[in-house]
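Proteins come first, then strands; the chains are lettered A, B, ... in the order of their sequence lines, and each starts at number 1. These numbers were taken from a predicted model, which means no experiment stands behind them.
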Protein chains: 2
Amino acid sequence: MTQPAAHRRASIADVARAARVSVGTVSNVLNRPERVLPGTRERVEAAIEDLSFVRNGSARQLRAGTITTIGAIVLDIANPFFTDVARGIEERLDRDDFTLMVASSDDDPDREQRYLRLFEEHGVQGVMVVPATNDIDHLLAVRRRGTGVVLLDRPSSDPSISSVAVDDVRGGELAAGHLLDEGHTRIVFLNGPHTIRQCADRHAGVLKALVAAGLDPASALLEVTVTSLNAEGGEAAIRGLLESGDRPTAVFCVNDLVALGVLRTLRTENIAVPTDVAVVGYDDVAFAAELATPLTSVRQPTHELGVRAADLLLSGTDAAAQHVMFQPTLVVRGSSSSSAT
Amino acid sequence: MTQPAAHRRASIADVARAARVSVGTVSNVLNRPERVLPGTRERVEAAIEDLSFVRNGSARQLRAGTITTIGAIVLDIANPFFTDVARGIEERLDRDDFTLMVASSDDDPDREQRYLRLFEEHGVQGVMVVPATNDIDHLLAVRRRGTGVVLLDRPSSDPSISSVAVDDVRGGELAAGHLLDEGHTRIVFLNGPHTIRQCADRHAGVLKALVAAGLDPASALLEVTVTSLNAEGGEAAIRGLLESGDRPTAVFCVNDLVALGVLRTLRTENIAVPTDVAVVGYDDVAFAAELATPLTSVRQPTHELGVRAADLLLSGTDAAAQHVMFQPTLVVRGSSSSSAT
DNA sequence: GCTACATTATGAACCGTTTCACGAGGAACC
DNA sequence: GGTTCCTCGTGAAACGGTTCATAATGTAGC
């Protein structure tokens with residue numbers, strides 16, 4: 001039995017040698033088995049097995065060109081919103097036998113760039129990105145070079161790039177409007193940085209609601225930027241507010257994880273929800289309804305978002321870009337209204 | 001201005017031509033800029049910009065050999081347990097400037113194979129896998145061919161493959177033991193299929209606790225296999241039990257998502273927790289403490305699990321395999337004990 | 001026996017990088 | 001002025017597949 005050189009993966013040439021055929025034949029066995037005589041095929045297959053040969057994807061792709069993989073870059077892989085979207089994407093891709101690779105940018109433009117570059121250099125068919133910054137020039141460049149790009153959870157400002165988003169202005173408006181309806185006259189908004197479009201939009205929505213109610217945003221709104229968009233960030237933010245003596249009566253959180261941190265803190269501080277402080281979240285994650293004080297939240301069609309995004313990427317490499325905008329809905333629960341179910 | 005051929009990405013040769021240098025020089029500008037005279041370098045950089053050249057990752061890798069990426073294959077990307085682990089992995093990889101690609105197998109051995117193959121063919125330095133089956137021969141084969149493999153959340157039965165796991169037998173024992181301590185004499189265990197090692201192990205732990213308490217498992221334990229390991233699966237399972245008239249007094253759920261579904265259902269059915277039914281979950285996800293009835297759960301050091309796994313993969317390609325086993329702890333809350341805080 | 005035509009197998013060209021031995025042109029030194 | 005060293009830049013040889021024109025072989029038909 002011929003041994004391959006130690007520590008070197010067997011190549012197609014090794015297989016060819018072992019099976020006493022040419023490399024072309026091995027390649028045919030791999031890609032168009034019907035073209036090779038059963039006897040030869042078996043010999044080749046035996047050699048493959050014997051040498052435990054694995055195709056070199058880089059070489060294959062270098063010559064063949066394409067690959068049926070698409071990449072997704074989300075802001076935070078630990079955020080249920082994004083993973084729900086990812087499930088939607090996967091579901092759709094599966095139908096066309098595409099595979100999905102997920103990477104997390106952590107809101108860091110550099111990391112986003114790094115992964116984007118990695119995906120592009122490896123020739124994925126397309127990337128779905130939740131951009132960490134407002135500026136999408138780098139994505140336009142990727143698009144121009146021939147890789148499909150779909151913006152996730154963010155309307156596209158450019159006609160050449162498709163996008164699938166949920167109306168965040170409307171979401172902010174729904175949340176703030178609800179709090180105002182409940183009689184609050186001042187809202188604390190625990191938001192992320194405005195460099196994240198969703199955050200800026202939700203802020204705009206809040207303003208819209210305040211103005212519609214005839215309030216002056218300067219006094220009726222306090223926006224606090226949380227350090228990280230998760231429970232720890234929410235906890236730190238609300239704790240900061242409480243310690244400064246500025247106890248809010250209504251808190252709108254940019255996502256449910258932040259809201260979770262807020263609820264947790266309010267409970268340990270024995271502050272009643274919604275009597276003393278009303279809380280509204282965003283995303284309506286699975287556990288929102290089951291919390292100690294069920295969380296009022298803005299629901300987004302996450303799964304559908306992912307499915308649709310994958311749809312756009314698969315269907316139209318050449319077709320004109322499409323911009324899909326879903327509408328969010330408000331789910332009122334006990335954390336913001338004592339009259340809620 | 002020279003235009004590259006339509007629909008063909010610019011290659012290093014195009015750049016060389018445009019900058020009137022050799023391909024070797026372009027490569028040097030890309031990889032060891034200090035070796036080329038500033039003037040030439042600038043000319044090359046201008047050409048790169050001009051042609052919006054992007055390295056072909058396949059070609060690069062084909063020649064250069066390695067790549068600083070590692071792949072992770074988890075059972076369910078929407079499960080917080082796995083994404084928390086992924087965060088841990090990322091944190092560790094970042095320190096060494098490695099990148100992480102995550103894929104989700106959905107408990108499907110075929111999908112696991114597909115992604116494993118994809119990762120291996122593309123020459124990742126290593127893969128971290130939560131295997132969907134008991135049989136890990138395919139992983140051994142990958143390891144033998146030179147790609148690093150670390151088993152995630154699953155003790156390795158093979159000396160050549162490192163693993164990082166949490167003692168699931170102990171976890172099952174803790175959960176069941178606690179329920180028995182609370183006075184229950186019959187436990188319903190909503191478990192996943194035993195083909196998933198974690199499920200089989202937790203079951204073994206439950207048995208151990210029952211036997212230690214002098215009970216006969218045949219009558220003191222009812223194991224129900226849930227269709228999917230999430231809230232919907234939990235809801236369906238408990239609903240099935242209730243409709244069959246077999247109302248349990250103590251339910252142990254294989255993870256917190258399943259427990260969430262159970263709690264949700266019990267609440268809509270107006271069944272009191274823990275008075276009528278005690279519930280224990282597994283994973284101690286972030287929201288467990290904040291639920292309407294705070295959920296008793298088995299806590300696993302998820303983040304640490306990920307960090308340690310990445311550690312093993314990065315440190316020891318050649319070093320002997322290591323098997324790390326963490327111990328879980330039980331966090332008692334209101335869902336299982338009226339005396340809990 | 002000769003041509004015509006499938007059917008299989010072959011081997012070289014090619015994909016786009018990196019790497020490396022080598023050459024050209026100075027500078028430095030004796 | 002000749003030798004030695006350096007600094008830059010060159011060009012061709014890999015890397016490991018796929019593809020395609022071509023060769024070898026066999027079969028049919030006349």
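At a threshold of 4.0 angstrom between heavy atoms, the contacts of A/Val26 with the nucleic acid are absent.
Salt bridge annotation for A/Asp76-B/Arg87: present, with a cationic side-chain nitrogen under 4.0 angstrom from a carboxylate oxygen.
A/Ser156 and A/Ile161 make their closest contact through OG-O, 3.0 Å (heavy atoms, listed as atom of the first residue, atom of the second, distance). Between B/Ser104 and B/Ile77 the shortest heavy-atom distance is OG-N, 3.3 Å. Scanning both residues, A/Glu112 and A/Val130, for their nearest heavy atoms gives OE1-O, 4.2 Å. B/Thr69 and B/Val124 make their closest contact through O-CB, 3.4 Å (heavy atoms, listed as atom of the first residue, atom of the second, distance).
Protein chain B touches strand DNA chain C; the 5'-most and 3'-most nucleotides with an atom under 4.0 angstrom of its non-hydrogen atoms are C/dG16 to C/dT19.
Here D/dT18 presents its C1' atom at 14 Å from CD of B/Glu121, a figure rounded to the nearest Å. One atom, CD of B/Gln61, and another, C1' of D/dG17, lie 13 Å apart when rounded to the nearest Å. At whole-Å resolution of the value, CZ in A/Arg17 and P in D/dG16 are 11 Å apart.
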Let me have a per-nucleotide readout for nucleotides 19-27 of chain D, 5' to 3', with B, S or -, counting only protein heavy atoms under 4.0 Å. B--------
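Listed by residue number, there are no residues of residues 34-45 of chain B with a heavy-atom contact under 4.0 Å to DNA chain C.
Residues satisfying the ring pair (Phe, Tyr, Trp, His ring centres under 6.0 Å) criterion with A/His323, sequence neighbours excluded, are absent altogether. Scored by the side-chain hydrogen bond (donor to acceptor under 3.5 Å, both in side chains) test, B/Arg55 finds B/Asn31 as partners (sequence neighbours excluded). With sequence neighbours left out, B/Arg145 forms a salt bridge (charged side-chain N to carboxylate O under 4.0 Å, His left out) with B/Glu120.
Between B/Ser22 and D/dT10 there is a side-chain polar atom (N or O) within less than 4.0 angstrom of OP1 or OP2. At D/dG17, none of the side-chain N or O atoms of A/Arg55 fall inside 4.0 Å of OP1 or OP2 (strictly under the cut-off).
The environment of B/Arg117 atom CZ is sparse: at most 12 non-hydrogen atoms of other residues, nucleotides or ligands sit within 6.0 angstrom.
DNA chain C is contacted by both A/Thr25 and B/Ser58; A/Thr25 maps to the nucleotide lying nearer its 5′ end (nearest heavy atom per residue).
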Quick one, A/Arg111 with B/Asp94, criterion side chain to side chain contact (heavy atoms under 4.5 Å, CB included). Give me CA distance, side-chain angles, the key distance, then yes/no. CA-CA 10 Å; A/Arg111 280 177 60 103; B/Asp94 246 25; 2.8 Å; yes
Output, in order, the C-alpha distance, side-chain angles, deciding distance and verdict of side chain to side chain contact (heavy atoms under 4.5 Å, CB included) for B/Ser27 and B/Ile12. CA-CA 8 Å; B/Ser27 181; B/Ile12 224 179; 4.1 Å; yes
